[in-house]
Structure formats: C-alpha cells, structure tokens
A.B. asks: 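Quick one: the structure is below, and I'll ask about it shortly.
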Amino acid sequence: MPPRRKVTTFNKARAIAWLQDGVSKREVGRRLGVSHSVVVRLHQKFQATNSVLERPRSGRPKKTTQREDRFIRRQALQQRGTTANIIRGQLRVATNTNVSTKTIRKRLREVGLRSRHPAVRPRLTAAHRQARLAFCHNHARWTRQQWANVLFSDESRFNLHHHDGRARVWRRQGERCNNGLVQERVAFGGGSIMVWGAFSFRHRTPLYHIVGNLTGQRYRDDIVAPLVLPALHQIGVQAVFQDDNATPHRARLVNNFIQQAGVTRMNWPACGPDFNPIEHLWDELDRRVRNNHPPPRNLQQLLQFLQIEWQAIPQAFRRKLVNSMRNRTAEGIAKRGGHTHY
C-alpha cells in the first residue's frame with residue numbers, strides 16, 4: 001500500500017475555502033488529489049476547532065527519566081573519552097534501565113554534547129611551559145614596531161594529493177560506492193615536497209624547495225646565507241631573525257655563521273608552533289593552491305602552484321599575522337605557558 005499523502009496547511013485552507021463556497025467534498029478531494037474521507041475528516045476537525053493547524057501532540061514518551069538524563073550527562077562530562085555504548089552499560093547497572101546507544105546519543109545532543117575528533121597539539125612538559133611562559137614575559141611589552149622587525153621563518157610539507165577528511169556528500173541508501181560519491185586516496189599523499197619560507201611585516205623571502213634531507217650545512221649555505229641575510233638587510237639594523245629549534249637550525253656551524261654575520265637571533269621556546277604566525281601563512285598558502293588551481297598532476301606542478309600563491313598572498317594578510325604577536329604573548333601569559341588558540 002502506498003504511503004498516505006500528507007495534506008499541507010496551505011491545501012487544508014484551500015479545501016475549507018472551497019467547502020464554504022459550496023464545492024462538494026468529492027470535488028475538493030479530486031482537486032487536491034486525496035480521498036473523500038480525508039476531506040470529510042478535515043471538515044469535521046475544522047468545525048470542532050475552527051482551525052486547520054495541527055494540534056500539539058505529546059509524542060512518544062521518553063524512555064528515560066530526568067534523573068537518568070542527568071546521569072547520562074554526568075558520565076559523559078566526567079569521562080570525555082567514553083562511548084555511548086559504555087554509558088549505556090553504566091546506566092543499565094545503575095538504574096536497571098536498558099536503552100539503545102541511539103537514545104544515549106540523543107540525550108547528549110539535547111544538552112549540546114556531540115562526539116567529535118579531539119584536537120591534536122604537541123605535548124607540553126613542565127619545562128616546555130616554563131620556557132614558553134618566559135618567552136611571553138620577555139616579549140609582552142614589545143611594540144608593533146619591534147615585531148615588525150622580526151623575520152619569521154619555518155619549513156612546511158605539502159602533499160601532492162590533498163586528503164580532506166571533512167568532505168561530505170549527499171547520497172541515498174545503496175549509493176555508498178557509486179562513482180562520484182567516493183573520495184579516492186593515494187597512499188602517503190602521492191608524494192610530497194618540503195619548502196622553506198620567511199616573512200616580516202614588510203618583506204618576504206622567495207619560497208625555497210628543500211630537496212632531500214636538510215642538514216646544518218645546507219641550511220647555512222642554501223638558506224641562511226643567500227635568503228635570510230638579504231632579507232634582514234632589507235629590514236634594517238633592528239632586524240631580528242626567528243627560527244625554531246630544529247636540529248639543522250641549531251647546528252654549531254649555523255650558530256657560528258649567524259654570530260659572525262652579526263645577526264640578532266630570537267630565543268625561541270621549544271614546542272611553540274602556536275606562537276609562530278607563519279603557521280597560519282602555510283594554511284593560507286595551502287588553501288589558495290587547492291582553491292585557485294586544478295589538482296596538480298605531479299610534484300613539479302605542485303611546487304609551481306606554491307610559488308605562484310606564495311607571491312600572491314596579500315601583504316595585508318602578513319601584516320595582520322605580525323600584529324597578532326602581542327595577543328599571542330598575552331594569551332600565553334594568561335594560559336601560564338599552555339597552548340593558545342592561535
């Protein structure tokens with residue numbers, strides 16, 4: 001038997017208007033494409049309530065009481081990593097109430113709790129927090145002009161094939177494996193390239209492609225000498241160079257070269273990527289490559305797209321990142337050296 005057709009509120013009002021104009025119930029049913037009995041019940045309901053709107057319905061009674069709902073919520077808040085199935089078992093032991101995991105998830109959604117993948121961030125030890133807090137205190141009173149003299153630098157890796165775990169598709173039952181509704185993936189991203197870049201409030205370096213492993217000697221000869229020093233000279237005598245604590249960056253030959261060149265180097269804390277505004281620049285670069293170009297066919301084309309978009313990122317965006325450093329250090333102090341939202 002086909003499902004009964006639901007009459008919309010608009011068509012109900014039309015039906016009542018036709019009946020009041022003297023149109024027969026069978027003719028009204030023919031016009032709306034419903035049976036004669038539907039129009040009869042609609043007319044009887046209108047005569048009793050003087051309205052065509054649906055009356056409030058209590059619906060199916062809940063399987064859990066308010067006390068059990070509080071128990072479900074409390075278990076989820078006390079053990080954030082627990083599952084709906086575990087809470088279901090705990091509820092059955094505590095109250096002898098047996099419900100489905102779907103009911104558990106529904107109760108949690110009613111109070112704003114939804115299952116999500118946890119955010120990932122570096123593990124911070126007490127020493128890391130102390131170093132991060134000291135960095136924030138040392139730079140808390142820096143002016144925007146002082147931050148404008150800093151050359152921020154870092155490396156980043158980009159995969160040939162972008163894996164977007166947040167992509168969704170609309171599909172019907174039975175269409176799970178249909179072509180066009182499946183996201184194809186290539187193992188290990190189909191290959192990747194590593195690039196290095198640096199920027200300040202007014203300047204940026206070219207994007208350098210790192211082929212193979214980056215050693216201290218290569219970092220000195222291929223990056224610091226030909227790229228960093230000219231950029232620092234453009235900034236001026238107050239220029240400060242920032243790089244992280246990666247092994248090639250802190251090699252003895254690199255330290256000696258930077259010292260001999262008279263470069264002022266920022267004392268950067270370990271595990272501090274959230275303090276470095278260039279991380280947001282890498283995210284913007286990746287978005288621009290994926291949104292403004294067709295999918296790259298090979299690593300050479302990916303590098304070409306990266307270099308194009310690196311030069312195309314507006315200077316205003318980089319200035320905004322540099323100006324955010326005052327807020328980053330302030331939040332670092334407020335979090336006592338913990339992770340910031342940046």
A.B. asks: Return yes if some donor-acceptor pair links the side-chain N/O of R121 with the main-chain N/O of H339 below 3.5 Å, else return no.
C.D. replies: no
A.B. asks: Does a side chain donor of either R14 or N11 reach within less than 3.5 Å of an acceptor in the other side chain?
C.D. replies: yes
A.B. asks: Under a 3.5 Å distance rule, please check whether N276 uses its side chain to pair with a backbone N or O of E279 as donor and acceptor.
C.D. replies: no
A.B. asks: Report the relative orientation of the aromatic rings in F152 and W268; use parallel for angles under 30°, tilted for 30 to 60°, perpendicular for over 60°.
C.D. replies: perpendicular
A.B. asks: Looking at side-chain heavy atoms only, is the closest gap between I223 and L214 below 4.5 Å?
C.D. replies: yes
A.B. asks: Does a salt bridge link D274 with R132, judged by any charged N lying under 4.0 Å from a carboxylate O?
C.D. replies: yes
A.B. asks: Does a donor on one side chain sit under 3.5 Å from an acceptor on the other, for R88 and S100?
C.D. replies: no
A.B. asks: Between the side chains of D286 and R290, is the shortest nitrogen-to-carboxylate-oxygen separation below 4.0 Å, so that they form an ion pair?
C.D. replies: yes
A.B. asks: Are T205 and V228 side-chain neighbours, meaning at least one heavy-atom pair lies under 4.5 Å?
C.D. replies: no
A.B. asks: Going by atom types alone, do S37 and S35 pair a side-chain donor with an acceptor below 3.5 Å?
C.D. replies: yes
A.B. asks: Could you pull out the closest heavy-atom pair between A84 and R105, with the gap in Å?
C.D. replies: CB-CG, 3.8 Å
A.B. asks: Taking E331 first and then K335, would you say they form a salt bridge - that is, a charged N and a carboxylate O separated by under 4.0 Å?
C.D. replies: yes
A.B. asks: Just checking, any donor-acceptor pair under 3.5 angstrom between side chains of Q301 and H293?
C.D. replies: no
A.B. asks: Decide whether a cation-pi geometry holds between R265 and F241; the criteria are a distance under 6.0 Å from NZ or CZ to the six-membered ring centre and an angle within 45° of the ring axis.
C.D. replies: no
A.B. asks: Q311 and R204: which non-hydrogen atoms are nearest, and at how many Å?
C.D. replies: O-NH2, 2.9 Å
A.B. asks: Could you check whether R326 makes a cation-pi contact with W147, meaning its NZ or CZ is under 6.0 Å from the centre of the six-membered ring and within 45° of the ring axis?
C.D. replies: no
A.B. asks: Would the number of heavy atoms belonging to other residues, nucleotides or ligands and lying under 6.0 Å from CD of Q238 be above 12?
C.D. replies: no
A.B. asks: Apply the ring-ring contact (aromatic ring centres under 6.0 Å, His included) test between W310 and each candidate in F317, F305, W282; give the one that qualifies.
C.D. replies: W282
A.B. asks: Evaluate whether atom CD of Q66 has more than 12 neighbouring non-hydrogen atoms of other residues, nucleotides or ligands under 6.0 angstrom away.
C.D. replies: no
A.B. asks: Could you tell me how the ring of H139 sits relative to the ring of W142: parallel (under 30°), tilted (30 to 60°) or perpendicular (over 60°)?
C.D. replies: perpendicular
A.B. asks: Salt-bridge test for K62 and E68: reply yes if a basic N is under 4.0 Å from a carboxylate O, no otherwise.
C.D. replies: no
A.B. asks: Between R288 and P314, what is the shortest heavy-atom contact and its length?
C.D. replies: NH1-CD, 3.9 Å
A.B. asks: Let's go through D243 and R250 carefully: what are the C-alpha distance in whole Å and the side-chain angles of both, what is the deciding distance for salt bridge (charged side-chain N to carboxylate O under 4.0 Å, His left out) to 0.1 Å, and is it a yes or a no?
C.D. replies: CA-CA 9 Å; D243 58 354; R250 302 299 167 174; 3.2 Å; yes
